[in-house]
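Each chain gets a letter, A, B and so on, in the order its sequence line appears, and its residues count up from 1.
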Protein chains: 2
Amino acid sequence: MPKPTGSRTFEQVLAEIERRITASGLTVGDRLPGERQLAEELQVSRSSVREAFRVLETLGLVEVQVGRGPNAGAILSYDPGATLTDLLRLNLRLSSLTMREVVDTRLMIEQWSAAQAARMPAGHDPESSRAMAAALAAMDGAATPEEFVRHDMAFHIALTDRAGNTLNSAIMRALSITLRQYATEAVHRLGHTADLQTDHRLIHSAITAGSAADAATAVAEHLARAYPPIADGREVLPSSA
Amino acid sequence: MPKPTGSRTFEQVLAEIERRITASGLTVGDRLPGERQLAEELQVSRSSVREAFRVLETLGLVEVQVGRGPNAGAILSYDPGATLTDLLRLNLRLSSLTMREVVDTRLMIEQWSAAQAARMPAGHDPESSRAMAAALAAMDGAATPEEFVRHDMAFHIALTDRAGNTLNSAIMRALSITLRQYATEAVHRLGHTADLQTDHRLIHSAITAGSAADAATAVAEHLARAYPPIADGREVLPSSA
DNA sequence: GACCAAATATGGTCAGACCATACACCTATC
DNA sequence: GATAGGTGTATGGTCTGACCATATTTGGTC
């Protein structure tokens, strides 16, 4: 037991909030009591409640808004992506992670997702289907590498969404954001995007055709092309996030 | 731009700390200034510094200790696992995630890792090698389902470590902890562990023999046996964590 | 009914105090 | 001189109470 259920006050507040979520069946969209009210209910100071709220906010579980009315206060939300993104970015800064590992994990998720997506019935999740097609078209019309990469990210995220695992989707979103600048530089280096688009269409048609194995292969080849300079070193994150 | 670089004070403190980490080359083990000192340096209140510290702590980037001496204060650390675990647990509580998705993601990582591990040269990472063998033996001698599951977790984590991707390892650790109680109940239901151990040995020998495909297949079959009742519903987390 | 102004509830921030903890330092003793 | 014990002090942890900023609600006025 590394943590003996936290003796600090804000940890007890966290435990109580977690207990209430479980017991009262609170869910996304519901509101937590205000800072002052919760402080009085639990007989703790407002500072402790605030520190607990910062933790919940960091975990992407609540969104806090000032002012008055139904939208003010701490609202239960669902955005693990932001947390994961922060986590990845900071760990790259600390050199606890390498770009190589991030890219490999992305390949893993995307290969898996492409295979799963190919196995889905034709009419499955029309929204992600539309998103993939739209991203493909938008990449054709992209005027700058930045714009291309933006739609490229959308394409790969839609692909992951299509596999239907929201946990994988959340991780994929975080990985994409982390790799964005890297991807942009790669496109600049390449100088053109024709090969990448050929890859994308190969992936897309394999999924549409229901060929899981082909889809997985196409994804692997695409990422090998997109991230060639990454060998095995401890590349650091570009200076600007 | 969802976040305009945070107008709140504690977010500016976070940005400044992140800047210092990047600029000064601070790394794991180094100490951040004390709360009072940082507050004065940045001309903000101690409360704001504390809220920033709570965020860093939640992200697993610092560990805070009271008292005096070289171990006191906020030390840069590296423990994304705790954050991921909290993230998973709370999102399961909010029903934003299903057990099915968690199990699927675990299968994905473990299949990938088993295949990668099988491709490694024989002498690679002797530590995880030893850990796998030790866990196998310990499972044979386990007297209770709880003890069996503890060593089972160690086995699967060692397998993932052997693939050499620390990001995947961190995710796998979080998934394992999240699934622990579930796994324990599954072993209780099964009533015996012979089949599971047969699976484990199959996985182990496939990796040792360097057969990536066999290793991946063995992992898939093992997890299908270990988590059979999970179909497609929105199973909730067991009440006690 | 529309519009504008005041009241109010909410989070955001600050200053200052006191407590608990754990090491640092110094003194007394041998 | 070495050791043991007490005291000092820097650190995080918590609380109180105040004030500010913001956004909605309320109510009055035209």
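- With a 4.5 Å cut-off on side-chain heavy atoms, M99(A) and L179(A) count as touching.
- Between H200(A) and H156(A), the ring-plane angle classifies as perpendicular under the 30° and 60° cut-offs.
- Distance CD1 (I75(B)) to C1' (dA22(C)): 14 Å, rounded to an integer number of Å.
- Between the N165(A) side chain and the E101(B) main chain, a donor and an acceptor come within less than 3.5 Å of each other.
- When rounded to the nearest whole Å, the span between CD of E40(A) and P of dA9(C) equals 14 Å.
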Report all side-chain donor-acceptor pairs from residues 129-138 of chain B shorter than 3.5 Å, counting only partners two or more places apart or in another chain.
none

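- Of the inter-residue distances, the one linking R150(B) atom CZ with T184(B) atom OG1 reads 10.5 Å to the nearest 0.5 angstrom.
- In this entry the distance linking CG of L14(A) with C1' of dG13(D) reads 15 Å, nearest Å.
- The nearest whole Å value for the distance from the CZ atom in R8(B) to the C1' atom in dC14(C) is 17 Å.
- Note on T9(B): every side-chain N or O is 4.0 Å or more away from OP1 and OP2 of dG12(C).
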Name the pairs: protein N/O against N/O of nucleotides 4-11 of chain D, kept only if under 3.5 Å.
residue	atom	partner	partner atom	Å
dG8(D)	N2	R68(B)	NH1	3.3
dT9(D)	O4'	R68(B)	NH1	3.1
dT9(D)	O2	R68(B)	NH1	3.2
dT11(D)	O4'	G67(B)	O	3.1

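- Between R20(B) and P33(B), the shortest heavy-atom distance links the atoms NH1-CG, 3.9 Å.
- At least one side-chain heavy atom of L87(B) sits under 4.5 Å from a side-chain heavy atom of L84(A).
- Two end axes, each from the C1' atoms of five base pairs, can be drawn for the helix from dG1(C)-dC30(D) to dC30(C)-dG1(D); they diverge by 10°, to 10 degrees.
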- Message: With side-chain hydrogen bond (donor to acceptor under 3.5 Å, both in side chains) as the criterion, how do S128(A) and D125(A) come out once you've worked through the C-alpha distance, each side chain's angles and the decisive distance to 0.1 Å?
- Response: CA-CA 6 Å; S128(A) 62; D125(A) 194 2; 3.0 Å; yes

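- Qualifying side chain to side chain contact (heavy atoms under 4.5 Å, CB included) partners for N71(A), counting only residues two or more places apart in sequence or in other chains: Q65(A).
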Can you give each donor-acceptor pair under 3.5 Å made by side-chain atoms of residues 51-63 of chain A, sequence neighbours left out, with the distance rounded to 0.1 Å?
residue	atom	partner	partner atom	Å
E51(A)	OE1	R50(B)	NH2	3.4
E51(A)	OE1	R54(B)	NH1	2.8
E51(A)	OE2	R50(B)	NE	2.8
E51(A)	OE2	R50(B)	NH2	3.2
R54(A)	NE	E57(A)	OE1	2.8
R54(A)	NH1	E51(B)	OE1	2.8
R54(A)	NH2	E57(A)	OE1	3.1
E57(A)	OE1	R8(B)	NH2	2.8
E57(A)	OE2	R8(B)	NH1	2.9
E57(A)	OE2	R8(B)	NH2	2.7
T58(A)	OG1	R54(A)	O	2.7

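- Rounding to the nearest 0.5 Å places CD1 of I21(A) at 9.0 Å from OG1 of T27(A).
- For the pair N71(B) CG and dT21(C) P, the interatomic distance rounds to 17 Å; values are reported in whole Å.
- Of the residues in residues 41-61 of chain B, those with a non-hydrogen atom less than 4.0 angstrom from any atom of DNA chain C are V44(B), S45(B), R46(B), S47(B), S48(B).
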